[in-house]
Amino acid sequence: QVQLLESGGGLVQSGGSLRLSCAGSGGIFSSYAVGWFRQAPGKEREFVAGVSWNGDRTSYADFVKGRFTISRDNAKNLVSLEMNNLEAEDTAVYYCARGRYGSVSRITAQYGYWGQGTQVTVSS
């Protein structure tokens, strides 16, 4: 059974940085796209960033471009999200998800497996 485990969340001041990690196990990880999504209280889950199966294509939401970087290491079944210059509006639970296909997508329904999430809180 595919399992995804996020780590690296926490409390940081505005302008600070965090690095989130998503470790995959229990199935084939390297053949599928992986995405990061987030959900703030009272809001819908939204796409943050995604990476294709081999890492050659990435996609970012407009609100994070230039601040966040997604990368993957298929040898370790690991996908990371480096987040810099964090803002209070970035406060949310961040989820990683394994795609149904190898190409990266921004659509939630294109992801079939989800982690439990990690809380990111940015104080202003």
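What you see below is based on every heavy atom in this structure, not just the backbone, and it leaves out hydrogens, waters and symmetry mates.
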Review point. For Phe68, which of Asn84, Leu18, Asn85, Leu86 qualifies under side chain to side chain contact (heavy atoms under 4.5 Å, CB included)?
Key: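 By the side chain to side chain contact (heavy atoms under 4.5 Å, CB included) criterion, Phe68 pairs with just one of Asn84, Leu18, Asn85, Leu86: Leu86.
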Are the side chains of [Y] and [X] in contact, using a 4.5 Å heavy-atom criterion?
{"X": "Glu89", "Y": "Phe63", "value": "no"}
{"X": "Met83", "Y": "Leu20", "value": "yes"}
{"X": "Ile70", "Y": "Val79", "value": "yes"}
{"X": "Asn54", "Y": "Ser52", "value": "yes"}
{"X": "Arg67", "Y": "Glu87", "value": "yes"}
{"X": "Gln1", "Y": "Tyr113", "value": "no"}
{"X": "Arg98", "Y": "Leu4", "value": "yes"}

Review point. Hey, mind stepping through Gln119 and Thr91 against side chain to side chain contact (heavy atoms under 4.5 Å, CB included) and telling me if it holds?
Key: CA-CA 8 Å; Gln119 176 70 46; Thr91 296; 4.0 Å; yes
Check your understanding: Any sub-3.5 Å donor-acceptor pair from Ser31's side-chain atoms to Ile28's backbone N or O?
Key ->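 Judged by distance alone, no pair lies under 3.5 Å.
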**Study point:** Side-chain (Glu6) to main-chain (Thr118) donor-acceptor, under 3.5 angstrom
**Key:**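 Side chain of Glu6 to backbone of Thr118: no pair is present.
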Of the non-hydrogen atoms in [X] and [Y], which two are nearest, and what is the gap between them?
{"X": "Ser80", "Y": "Ser21", "value": "OG-OG, 4.0 Å"}
{"X": "Ala92", "Y": "Arg38", "value": "CB-CB, 3.9 Å"}
{"X": "Ser14", "Y": "Ser124", "value": "CB-CA, 4.1 Å"}

Distance from [X] atom [atom1] to [Y] atom [atom2], nearest 0.5 Å?
{"X": "Glu82", "Y": "Arg19", "atom1": "CD", "atom2": "CZ", "result": "5.0 Å"}
{"X": "Ser30", "Y": "Lys76", "atom1": "OG", "atom2": "NZ", "result": "15.0 Å"}
{"X": "Gln116", "Y": "Gln3", "atom1": "CD", "atom2": "CD", "result": "9.5 Å"}
{"X": "Gln13", "Y": "Thr121", "atom1": "CD", "atom2": "OG1", "result": "13.0 Å"}

Practice item. Run the numbers on Val12 and Ser123 for side chain to side chain contact (heavy atoms under 4.5 Å, CB included), then give the verdict. Key: CA-CA 6 Å; Val12 64; Ser123 62; over 6 Å; no
Check your understanding: Aromatic ring centroids of Tyr60 and Phe47 under 6.0 Å?
Key ->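 No, too far apart.
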Is there a continuous path of hydrophobic side-chain contacts, each under 4.5 Å between heavy atoms, that joins [X] to [Y]?
{"X": "Tyr32", "Y": "Val104", "value": "no"}
{"X": "Val48", "Y": "Trp114", "value": "no"}
{"X": "Val2", "Y": "Phe29", "value": "yes"}

Check your understanding: Could you go step by step and tell me if Arg57 and Ser103 meet the side chain to side chain donor-acceptor pair (under 3.5 Å) rule?
Key -> CA-CA 8 Å; Arg57 296 287 179 92; Ser103 56; over 6 Å; no
Review point. Has Arg72 got its NZ or CZ under 6.0 Å from the middle of the six-membered ring of Trp53, at an angle within 45 degrees of the ring axis?
Key: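 Not satisfied by the 6.0 Å and 45° rule.
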Check your understanding: Taking it one step at a time, do Asp73 and Ser71 satisfy side chain to side chain donor-acceptor pair (under 3.5 Å)?
Key -> CA-CA 7 Å; Asp73 183 343; Ser71 61; over 6 Å; no
Practice item. Examine the side chains of Arg45 and Thr108 and answer whether a donor and an acceptor come within less than 3.5 Å of each other. Key: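 No donor-acceptor contact under 3.5 Å links the two side chains.
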Review point. Which one of Tyr95, Tyr101, Phe37 satisfies the ring-ring contact (aromatic ring centres under 6.0 Å, His included) criterion with Tyr111?
Key: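 Only one of Tyr95, Tyr101, Phe37 forms a ring-ring contact (aromatic ring centres under 6.0 Å, His included) with Tyr111, namely Phe37.
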